[in-house]
Amino acid sequence: CWLNGSKEPVPLMFDSGAQVSLIDADTAVKCGVGIVDPRTTNITVMGVMGKEKMLAGLFAPLSFGQTQLTKQLCLVRTHQNETRRGPLFRERVNMDLLGFDMVRQWCRYVTIDYPAHKMIFGFNEDFRPPPAGPRVWKMPLILEGGMPHVVLEARGIRWLSLVDTGSAFGVEIDEGLAAELNLLKNAR
């Protein structure tokens with residue numbers, strides 16, 4: 001997408017498990033993202049990287065082709081993450097995320113086509129599902145706390161699971177559910 005009229009598109013990872021869009025300070029500066037006066041906000045976020053203070057930012061606009069979304073809030077990270085390869089070489093880890101808040105506020109649907117490396121954001125049109133058949137499977141999407149969830153089931157036990165397109169792992173469960181599913185013996 002394009003941030004604040006940037007000349008080049010800015011790659012953002014679509015993270016349906018992120019409540020709010022989040023960008024690195026470098027990206028905010030490069031794209032001229034407006035920052036809300038830090039003296040009027042006090043934002044501490046708890047996430048996979050632990051607790052960190054962030055700034056409030058504003059995409060004005062956030063553009064997808066001809067569609068422009070005005071005044072979309074985001075968080076701006078002031079910390080950077082790096083990985084090391086050997087004693088001298090460091091690689092910066094980009095944390096520019098398009099959160100589910102944008103979808104919830106502006107979209108009627110999102111389609112993710114992994115093999116084609118394509119996403120379709122339905123801003124103004126209704127979703128047209130593919131024809132039913134043996135290779136099409138669907139389940140209800142439940143919005144819980146503004147986040148997308150589905151009900152999963154294993155061994156007769158059902159639970160609500162977050163749909164997280166930003167996760168690099170398969171299904172993740174907590175230790176309590178793992179114990180209930182009798183999976184802890186095998187994990188040890």
Side-chain angles (χ1 to χ4, degrees), residues 1-4 6 8-31 33-36 41 43-65 67-83 91-123 127 138-152 159-174 177:
C1 58
W2 289 260
L3 302 180
N4 295 20
S6 58
E8 298 285 324
V10 178
L12 301 179
M13 177 175 68
F14 176 55
D15 188 352
S16 63
Q19 287 182 318
V20 181
S21 296
L22 176 133
I23 60 172
D24 285 327
D26 290 352
T27 304
V29 169
K30 179 180 161 189
C31 297
V33 172
I35 302 295
V36 177
T41 59
I43 302 169
T44 301
V45 175
M46 180 66 171
V48 294
M49 301 294 186
K51 275 187 179 179
E52 63 182 273
K53 289 200 168 284
M54 297 201 185
L55 302 171
L58 192 63
F59 299 138
L62 172 62
S63 303
F64 297 83
T67 302
Q68 290 193 349
L69 312 180
T70 57
K71 298 181 182 173
Q72 176 68 33
L73 288 173
C74 68
L75 295 176
V76 178
R77 293 185 78 227
T78 56
H79 291 60
Q80 288 186 350
N81 294 73
E82 294 179 341
T83 58
E91 185 177 5
R92 188 172 172 274
V93 178
N94 187 326
M95 292 295 292
D96 295 331
L97 310 174
L98 184 62
F100 198 71
D101 59 321
M102 186 283 297
V103 172
R104 199 175 59 245
Q105 183 177 351
W106 299 96
C107 292
R108 298 177 71 107
Y109 70 90
V110 174
T111 302
I112 302 171
D113 184 343
Y114 287 108
H117 304 282
K118 175 171 68 171
M119 291 183 63
I120 300 170
F121 293 96
F123 292 108
F127 176 67
K138 58 184 170 181
M139 62 192 313
L141 189 65
I142 300 163
L143 289 181
E144 176 95 7
M147 303 296 290
H149 292 77
V150 292
V151 175
L152 297 182
W159 68 93
L160 197 61
S161 180
L162 175 67
V163 177
D164 188 354
T165 57
S167 176
F169 307 106
V171 176
E172 293 181 51
I173 58 175
D174 64 23
L177 181 56

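All values derive from a computational prediction rather than experimental measurement. If you read the sequence from its start, that first residue is 1, and numbering goes on from there.
- Side-chain contact between Leu98 and Leu62 is present, with heavy atoms from C-beta onward closer than 4.5 Å.
- Applying the side chain to side chain donor-acceptor pair (under 3.5 Å) criterion to Ser167, with sequence neighbours excluded, gives Glu172.
- Contacts of Val10 classified as side chain to side chain contact (heavy atoms under 4.5 Å, CB included), with partners at least two apart in sequence or in another chain: Leu3, Ser6, Leu12, Thr27, Cys31.
- Side-chain contact check for Lys71 versus Leu58: some heavy-atom pair is nearer than 4.5 Å.
- A 4.5 Å side-chain heavy-atom check between Phe59 and Cys1 finds every atom pair outside the cut-off.
- Checked against side chain to side chain contact (heavy atoms under 4.5 Å, CB included), Ser63 has the following partners two or more places apart in sequence or in another chain: Trp2, Pro61, Gln68.
- Here the closest heavy-atom approach between residue Val33 and residue Asn4 is recorded as CA-ND2, 3.2 Å.
- Closest approach of Leu141 and Pro148 over heavy atoms only: CD1-CB, 3.8 Å.
- Scanning all heavy atoms of the two residues, the minimum distance from Phe14 to Gly99 falls at CE1-O, 4.4 Å.
- Listed by chain and residue number, Gln72 satisfy the side chain to side chain donor-acceptor pair (under 3.5 Å) test with Trp106 (two or more places apart in sequence, or in another chain).
- Taking every heavy atom of both residues into account, Met13 and Leu97 meet most closely at CE-CD2, 3.1 Å.
- Summarising the geometry, atom CG belonging to Asp24 is positioned 7.5 Å from atom CE belonging to Met95; distances are rounded to the nearest 0.5 Å.
- The nearest pair of heavy atoms linking Ser21 to Leu73 is CB-O, 4.3 Å.
- Counting heavy atoms from C-beta on, the side chains of Met119 and Phe64 never come closer than 4.5 Å.
- Atoms OG1 and CZ, from Thr111 and Phe127 in turn, are 5.0 Å apart once rounded to the nearest 0.5 Å.
- Here the closest non-hydrogen pair linking Met102 and Phe121 is CE-CE2, 3.7 Å.
- With sequence neighbours excluded, the residues satisfying side chain to side chain contact (heavy atoms under 4.5 Å, CB included) with Lys53 are Asn42, Thr44.
- Residues satisfying the salt bridge (charged side-chain N to carboxylate O under 4.0 Å, His left out) criterion with Arg104, sequence neighbours excluded, are absent altogether.
- In terms of the side chain to side chain contact (heavy atoms under 4.5 Å, CB included) criterion, Ala168 has no residue partners (sequence neighbours excluded).
- A donor-acceptor pair is defined here as one N or O able to donate and one able to accept, closer than 3.5 Å; no such pair exists between the side chain of Asp113 and the backbone of Lys118.
- Put simply, the side chain of Val163 does not reach to within 4.5 Å of the side chain of Phe100, judged on heavy atoms.
- Looking at residues two or more places apart in sequence or on another chain, you find no side chain to side chain donor-acceptor pair (under 3.5 Å) involving Gln105.
- Residues Leu55 and Thr78 form a side-chain contact, since some pair of their non-hydrogen atoms from C-beta on lies under 4.5 Å apart.
- Atom OG of Ser16 sits about 6.0 Å away from atom CG of Leu162, to the nearest 0.5 Å.
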